[in-house]
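Below is one structure, written out as structure tokens; the observations come after it.
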2 protein chains.
Amino acid sequence: MQKTQLNVVTSLRQMILEGELKAGARLAEIPTSEKLGVSRTPVRIAFRALEQEGLLTKLPRRGYEVRSVSTEEIIGAVEVRGVLEGLAARQAAERGMSEDQQKALAALLEEGDRILAVDELTESDLEQYQQMNKRFHDIVIEASHNPAIHAALSRNEHLPFASASALAFDKAHMLREAKRFEFAHMQHHHVYHAIVNGLGTRAEGIMREHANATLGYINSPRNADQLTVISEHDT
Amino acid sequence: MQKTQLNVVTSLRQMILEGELKAGARLAEIPTSEKLGVSRTPVRIAFRALEQEGLLTKLPRRGYEVRSVSTEEIIGAVEVRGVLEGLAARQAAERGMSEDQQKALAALLEEGDRILAVDELTESDLEQYQQMNKRFHDIVIEASHNPAIHAALSRNEHLPFASASALAFDKAHMLREAKRFEFAHMQHHHVYHAIVNGLGTRAEGIMREHANATLGYINSPRNADQLTVISEHDT
DNA sequence: TAATTCTTAATTGGATCCAATATTATGCTT
DNA sequence: AAGCATAATATTGGATCCAATTAAGAATTA
């Protein structure tokens, strides 16, 4: 099968995200095209796309290099995610979700409950949880009926996972910090509750906190309890 | 001079934004390359870039077409701008601006005061004001020290100005609604005040309101007065 | 030995060519 | 006349070619 353009982008991206191409590595069109067994044209296009995604930087007349993403930058990207998904959650609450979306979110919450019910999380549980997590967020964004949110996020899609500063994102660490998943998942429940009850401002607030949780900067358990209490008393 | 790649993108973009290429117009590589006097290669790259910007959509095997941007979409884009610039203003307040940035903002505020002091705004005043406005916002974003904000906004850079639904953006209307500029400029003053005094939450809130003002959805004058009063009493 | 100049080579951007594919138009058949 | 099949055409994606630019290295000179 002939390698198509999209494949070139995705395989290069994978190589970067999995650390096969380390930060600072230099990439030129001809060597890369030979390595991938395609011509220069699709490689050129892929380089531009990856530059757009923030994974490569152009060195004029000296090719591209894999960007080293600083910790600050990743934090910044997550903060951006936070306000954008906060907006999404608020608008989803204000505009209301479809039956399908509501059901899908409920199912994902159950799935998360089930995954987290086991005594000790395996790496495969982690994988499953992360997929569930992504779908949950995607549905909230979709339910916002605001395509500009998705567009704005696309730029930050892969940046936080760049290999350079893996930060709290590598699996070993994630497993160690498994308890935080319970907190994050509880936030999912609360976001869901807020959205289906039309509590836009709260949905936004929780979602913004939730973004920070991904970074490992979570609030104290005390705050978590408070959140639960407040949630029981309202509507 | 040979037309370079960037020129192809910018001239196509200009044609779209100025309405020379209307929404729904179909574009193919070969006719476009002939029209612009370049080969297909830069046109192909330009099409992809403009698709990324949301100005073109791809019709598989039938070329591209100029996207018709709905009013809802523009509103969505402005809302996204609002939360992102709100984040920028908050972080600028929290992290503090450099001397240069602070001086630059102050100068822009004065420039705006001067422009708005005249009895009746001309079109050239409008032009000047908008340039000032853009620089003001750019500096706030820069002062956030969060490059992810700029990256996320780049996607929405031109969308609100797409010719299809000019909305409140055409000059005639803008001139008619000139009073709103005074309100918007007052918000600039308040944002500046909040940032230099480290009032992050307020800076964020005003900036988010401010985005709506661009759309013509401003709060009542009563609210504007209140804002002023609060601003006098604090710090 | 260090600096400067000149040459070489690497690299990209644009143009053109070729192949694959899907749409559209045309003509034939019922 | 309408529908279907087939042919022609439009269109893109990938490969290769050519030219322009500049970075890097070598050689020469002070």
Side-chain angles (χ1 to χ4, degrees), chain A residues 1-16 20-68 151 154-155 157-158, chain B residues 1-16 20-68 151 154-155 157-158:
Chain A
M1 182 188 128
Q2 191 179 230
K3 277 225 168 115
T4 130
Q5 209 168 77
L6 193 75
N7 286 338
V8 172
V9 179
T10 52
S11 49
L12 280 176
R13 186 191 292 127
Q14 196 175 14
M15 284 190 244
I16 294 170
E20 185 180 335
L21 292 172
K22 289 186 178 51
R26 275 193 53 200
L27 258 53
E29 287 179 10
I30 293 175
T32 310
S33 68
E34 282 166 359
K35 194 175 164 190
L36 297 179
V38 294
S39 82
R40 276 182 56 210
T41 312
V43 173
R44 273 166 68 179
I45 292 172
F47 280 0
R48 283 163 181 274
L50 293 171
E51 186 191 13
Q52 190 63 20
E53 287 181 20
L55 259 27
L56 296 182
T57 45
K58 185 151 140 181
L59 312 175
R61 288 282 154 191
R62 294 189 328 128
Y64 287 77
E65 78 171 17
V66 179
R67 257 189 66 197
S68 54
S154 71
R155 182 69 183 259
E157 184 82 42
H158 304 287
Chain B
M1 182 187 129
Q2 192 179 230
K3 277 226 168 112
T4 128
Q5 211 167 74
L6 193 73
N7 285 339
V8 173
V9 179
T10 51
S11 48
L12 281 176
R13 185 192 292 127
Q14 196 175 14
M15 284 191 243
I16 295 170
E20 185 180 335
L21 293 173
K22 291 186 177 50
R26 277 190 53 199
L27 258 54
E29 285 180 10
I30 294 175
T32 310
S33 69
E34 284 167 357
K35 193 175 163 188
L36 297 179
V38 294
S39 83
R40 276 182 55 210
T41 312
V43 173
R44 273 166 69 179
I45 292 172
F47 280 0
R48 282 163 181 274
L50 293 170
E51 186 191 13
Q52 190 65 18
E53 287 181 20
L55 259 26
L56 296 182
T57 45
K58 186 152 140 178
L59 311 176
R61 287 282 154 191
R62 297 191 331 128
Y64 287 77
E65 77 170 19
V66 179
R67 256 189 67 198
S68 54
S154 72
R155 182 69 184 258
E157 183 83 42
H158 304 287

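Throughout, protein chains are lettered first and strands after them, A, B, ... in sequence-line order, and every chain is numbered starting at 1.
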Just the table, please: protein N/O against nucleotides 10-12 of chain C N/O, every pair under 3.5 Å.
| unit_1 | atom_1 | unit_2 | atom_2 | d |
| --- | --- | --- | --- | --- |
| dT11(C) | O2 | R61(A) | NH1 | 2.8 |
| dT12(C) | OP2 | E29(A) | N | 3.2 |
| dT12(C) | O2 | R61(A) | NH1 | 3.4 |

### Task
Using the side-chain contact (heavy atoms from CB on, under 4.5 Å) rule, pick out the option among T41(A), L36(A), V43(A) that qualifies with S39(A).
T41(A)
### Task
Apply side chain to side chain contact (heavy atoms under 4.5 Å, CB included) to M15(A) and V66(A), showing your working.
CA-CA 10 Å; M15(A) 284 190 244; V66(A) 179; over 6 Å; no
Report each atom pair, protein N/O against N/O of nucleotides 6-8 of chain D, whose distance is under 3.5 angstrom.
none

### Task
Rounding to 10 degrees, work out the angle separating the end axes of the helix from dT1(C)-dA30(D) to dT30(C)-dA1(D) (five pairs an end).
0°
List, one per line, each side-chain donor-acceptor pair under 3.5 Å for residues 26-33 of chain B, sequence neighbours excluded.
| unit_1 | atom_1 | unit_2 | atom_2 | d |
| --- | --- | --- | --- | --- |
| R26(B) | NE | R62(B) | O | 3.2 |
| R26(B) | NH2 | R62(B) | O | 2.8 |
| E29(B) | OE1 | R40(B) | NE | 2.8 |
| E29(B) | OE1 | R40(B) | NH2 | 2.8 |
| T32(B) | OG1 | A28(B) | O | 2.5 |
| S33(B) | OG | E29(B) | O | 3.3 |
| S33(B) | OG | I30(B) | O | 2.7 |

## Note on the structure
CZ of R48(B) to OH of Y64(B), rounded to nearest 0.5 Å, is 5.5 Å
### Message
How long is the straight-line distance from CG of L21(B) back to CD of E65(B), given to the nearest 0.5 Å?
### Response
12.0 Å
### Task
State whether S39(A) places a side-chain N or O below 4.0 Å from either non-bridging phosphate oxygen (OP1 or OP2) of dA15(D).
yes
### Query
For dG14(D), does OP1 or OP2 lie under 4.0 Å from any side-chain N or O of T41(A)?
no
### Query
What are the two closest heavy atoms between L12(B) and A46(B), and how far apart are they?
CD1-CB, 4.1 Å
### Message
Holding to salt bridge (Lys or Arg N to Asp or Glu O under 4.0 Å), I want the full list of residues that pass it with E157(B), two or more places apart in sequence or in another chain.
### Response
K134(B)
### Query
Which distance, rounded to the nearest 0.5 Å, do you find between the CG of L50(A) and the OG1 of T10(A)?
9.5 Å
### Message
Can you tell me how far apart CD1 (I16(A)) and CG (L56(A)) are? Round to the nearest 0.5 Å.
### Response
4.5 Å
### Partner set under side-chain hydrogen bond (donor to acceptor under 3.5 Å, both in side chains) for R13(A), not counting sequence neighbours
E53(A), H158(A)
